[in-house]
Every structure is written in C-alpha cells, then in structure tokens.
Amino acid sequence: MKSYLNELPSYDTVDLELSVEDVQGVSFLLETPRYIHEAGKYHGANKRVYAYGNLDNLRVRITSDYISIQGSISKWYLGNNIQPLSLNGTKQAFERLSSVLHLPMEKAHVKRLDLAGCLIMQYLPSIYYNHLGRAGNTFPQYMDNGIYYNLPNEEQLLFYDKTIESKGHVPDEYKGQHLLRYERRFFKPNILVGQLLDEDYYTLLIREWIKGYDLITKIKEITLNLDAIKGTKDFARVGILTLASLFGGILKLEQEIENGRIMGKLTSKQKSDLFKFIAQANDVEYGLTKVSPLIAELNETMESIKELLC
C-alpha cells in the first residue's frame with residue numbers, strides 16, 4: 001500500500017514573506033528583480049520603491065524590507081495543482097524556489113496556507129453540496145462553483161468542482177473523472193517554511209483537514225417511516241422532519257431558526273435547543289432518516305484516509 005503522505009492532500013496556495021531581518025547582506029531591490037519575469041517598479045504613496053513580477057504562476061512583490069510570494073506551490077512545481085504533491089516533492093519545490101531566487105526560502109514566514117486534495121467521486125461534485133450541513137454554528141455559503149465555510153478561527157473549508165475551476169485543463173489521467181476539491185485554508189498559520197516541511201507538522205495539518213470534514217453535519221435523507229413511531233417523542237421528531245421538508249430540507253429550516261434568533265424572535269438557548277432536537281431527528285438511530293449514498297461515499301473516502309494515517 002502506498003504511503004498516504006506521498007499522495008493527497010497537498011500544500012497548494014501559500015503566501016510567503018521573507019524580510020531583511022531573516023537574510024543578512026542581501027539587497028532585495030537591487031538583486032532579486034533580475035530573477036523574476038516581467039519585473040517592473042513603481043513608487044508608492046509614501047514614495048517607497050516597490051518591484052513586482054512573476055515566477056510563472058507565483059506573484060512576487062519586492063521592497064527594500066521584504067519579498068512576498070503568493071500562489072500555488074504545487075502548480076508552480078508540477079504545472080498543475082490537481083496531481084498530489086508529496087511532502088518530499090514539496091521540499092524539492094522549495095529548494096528549487098530558493099535556488100531560483102538565490103534566497104533561503106526555508107526562513108520565509110507563511111502568512112497563508114491551503115491544504116487541498118481532489119477526491120475522485122462517482123457523480124458530479126455539485127450533487128454532494130446539499131448533503132453538507134452546518135460546521136458547528138457556521139452555515140455553508142454558496143459560490144458559483146461550490147460551497148465554503150468561514151470558520152471562527154480565521155480558517156475556511158471549501159468544496160468545489162475542480163474540473164470547472166480548472167476550465168477543463170486537467171492532466172490526462174484525470175480527464176473524465178468527477179473531481180471534488182476539498183480545501184482547508186489557514187489564514188494565520190504563523191509558521192516558517194522550514195516547519196511546513198516537517199513530517200510531523202504535515203501529518204498534523206492533514207488531521208486538521210480531516211477534522212474540518214468531520215465538523216460538518218451530514219444531512220440525512222428523510223424517510224418519515226411511520227413504523228418507527230413508538231411514542232410521543234417519535235411523533236415530535238416526525239413533525240420536525242415534516243416541517244424541514246416543507247422548508248426544503250433540514251439546513252434551510254436551521255437557517256430560518258438562525259434568522260429568528262438574529263431578529264430577536266428566539267433566544268440563543270431556544271435556538272440551541274431546537275438545533276439539538278433537529279440533530280436527534282436527523283439521527284438514523286430513530287429510523288426516520290437514512291444516510292445518503294452520496295455521504296456514505298464521502299465518509300468512506302475520508303475514513304480510508306484516517307486509517308492510512310494511523
């Protein structure tokens with residue numbers, strides 16, 4: 001069996017910053033622009049000189065005090081960010097970046113980091129979104145090509161169709177596949193590139209990537225099985241599920257409850273109690289719902305990843 005650490009997820013978009021305090025005896029403005037493409041200079045409002053340019057898909061900005069680099073490290077190294085980039089491959093990518101820029105990029109500060117993987121699914125990614133509910137108290141937000149969650153700790157979870165995002169430009173081995181992209185974005189990782197390349201830290205981030213998926217409530221399919229009714233509590237659960245059906249699903253009912261709290265019609269405790277009751281009704285244990293085969297497929301994929309990390 002292949003090591004999961006040599007497969008996915010991979011580091012994708014990174015925002016890096018290397019300051020003069022990290023590098024002695026180097027003049028960023030005098031030396032670094034010669035190593036990037038389409039380099040230009042401009043004067044900011046404070047009359048400071050800035051240089052800018054590209055290294056393929058990486059955007060580079062240079063001042064006398066620091067150099068910043070933004071973009072997908074996996075796309076820069078592999079030519080795409082669909083194929084998984086192993087940890088060893090990531091080390092080689094940063095070694096190459098250091099060589100190209102003549103700078104010790106292992107000392108750079110990581111200002112943003114995306115960990116992402118393409119899950120090959122049986123169906124189009126779009127049909128999986130409606131089965132992903134709240135992540136804690138955070139509701140999914142819809143975008144043109146998927147959904148995302150703004151977590152309270154300055155992180156995001158995203159699910160989208162990678163084939164659409166890539167405008168069909170995918171490696172040959174992925175053509176014709178349904179690629180569900182799952183990303184966890186860390187906007188304040190507060191680490192150095194050197195730590196990013198440590199295997200223990202990489203494994204920790206993969207576990208956080210998995211935890212992000214586990215945090216999301218999975219919406220079950222409502223069956224309203226009358227044979228499962230054994231008492232008044234079961235009747236109440238049927239009632240809440242019927243109400244959810246009228247609203248267009250459990251998630252939309254929960255959103256209406258949240259709107260009621262925002263408008264002052266419900267207290268936070270009343271909202272919390274209703275959410276707990278909906279969660280109970282959504283539990284397959286009571287026989288009123290069943291796990292969607294779409295979620296079963298996703299769960300199986302994530303469980304296999306967990307097992308490989310053990």
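Since we're looking at a predicted model, the values are computed, not measured. Below, all heavy atoms of this structure are taken into account, side chains as well, without hydrogens, waters or symmetry copies.
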Please report the C-alpha distance between L101 and I36 in whole Å, then the side-chain angles of each, then the deciding distance to 0.1 Å, and finally whether the side chain to side chain contact (heavy atoms under 4.5 Å, CB included) criterion is met.
CA-CA 8 Å; L101 294 174; I36 63 178; 3.9 Å; yes
Does E258 form a side chain to side chain contact (heavy atoms under 4.5 Å, CB included) with R261? I'd like the steps, not just the answer.
CA-CA 5 Å; E258 173 64 10; R261 184 199 64 80; 2.8 Å; yes
Going through the distances and angles, do K220 and I295 end up as a side chain to side chain contact (heavy atoms under 4.5 Å, CB included)?
CA-CA 8 Å; K220 312 295 193 308; I295 288 302; over 6 Å; no
[Y] side chain reached by [X] side chain, heavy atoms, under 4.5 Å:
X: Y182; Y: Y213; answer: yes
X: L251; Y: F139; answer: yes
X: N80; Y: V170; answer: no
X: E254; Y: F247; answer: no
X: D214; Y: K306; answer: yes

Hydrophobic clustering (ILVMFWY, side-chain heavy atoms < 4.5 Å, transitive) - are [Y] and [X] grouped together?
X: V110; Y: L192; result: no
X: F187; Y: L204; result: no
X: L115; Y: Y201; result: yes
X: Y66; Y: V23; result: no
X: M105; Y: V26; result: yes

Test of ring centre spacing under 6.0 Å for Y129 and Y142:
no
Do Y149 and R134 meet the criterion of a side-chain donor-acceptor pair at a distance under 3.5 Å?
no
Going by distance alone, is a donor N or O of one side chain under 3.5 Å from an acceptor N or O of the other, for Y160 and D144?
no
So, applying side chain to side chain donor-acceptor pair (under 3.5 Å) with R181, which one of D161, T163, N145, D12 is it?
D12
Any donor and acceptor pair, going by atom type alone, linking the side chain of [X] with main-chain N or O of [Y] inside 3.5 Å?
X: D56; Y: G79; answer: no
X: T242; Y: V238; answer: yes
X: N57; Y: G71; answer: no
X: R96; Y: A93; answer: no
X: T289; Y: E221; answer: no
X: K218; Y: I216; answer: yes

Which pair of non-hydrogen atoms, one from [X] and one from [Y], has the smallest distance, and what is that distance?
X: P189; Y: K111; answer: CD-O, 3.5 Å
X: A135; Y: L151; answer: CB-CD2, 4.3 Å
X: T138; Y: P152; answer: OG1-CD, 4.2 Å
X: L179; Y: Y174; answer: CD2-CD2, 3.8 Å
X: W76; Y: L55; answer: CD1-O, 3.2 Å
X: R61; Y: Y50; answer: NH2-CE2, 2.9 Å

Verify side chain to side chain donor-acceptor pair (under 3.5 Å) between S19 and D22, making sure each step is shown before the conclusion.
CA-CA 5 Å; S19 72; D22 304 315; 3.0 Å; yes
Axial cation check for F277 ring with K233, 6.0 Å and 45° limits
no
Does R185 qualify as a cation-pi partner of Y148, given the criterion of NZ or CZ under 6.0 Å from the six-membered ring centre and within 45 degrees of its axis?
no
Can you tell me how far the OH atom of Y11 sits from the CG atom of L85, to the nearest 0.5 Å?
10.5 Å
Using side chain to side chain contact (heavy atoms under 4.5 Å, CB included), reason through T217 and I250 one step at a time and then give a plain yes or no.
CA-CA 11 Å; T217 300; I250 287 174; over 6 Å; no
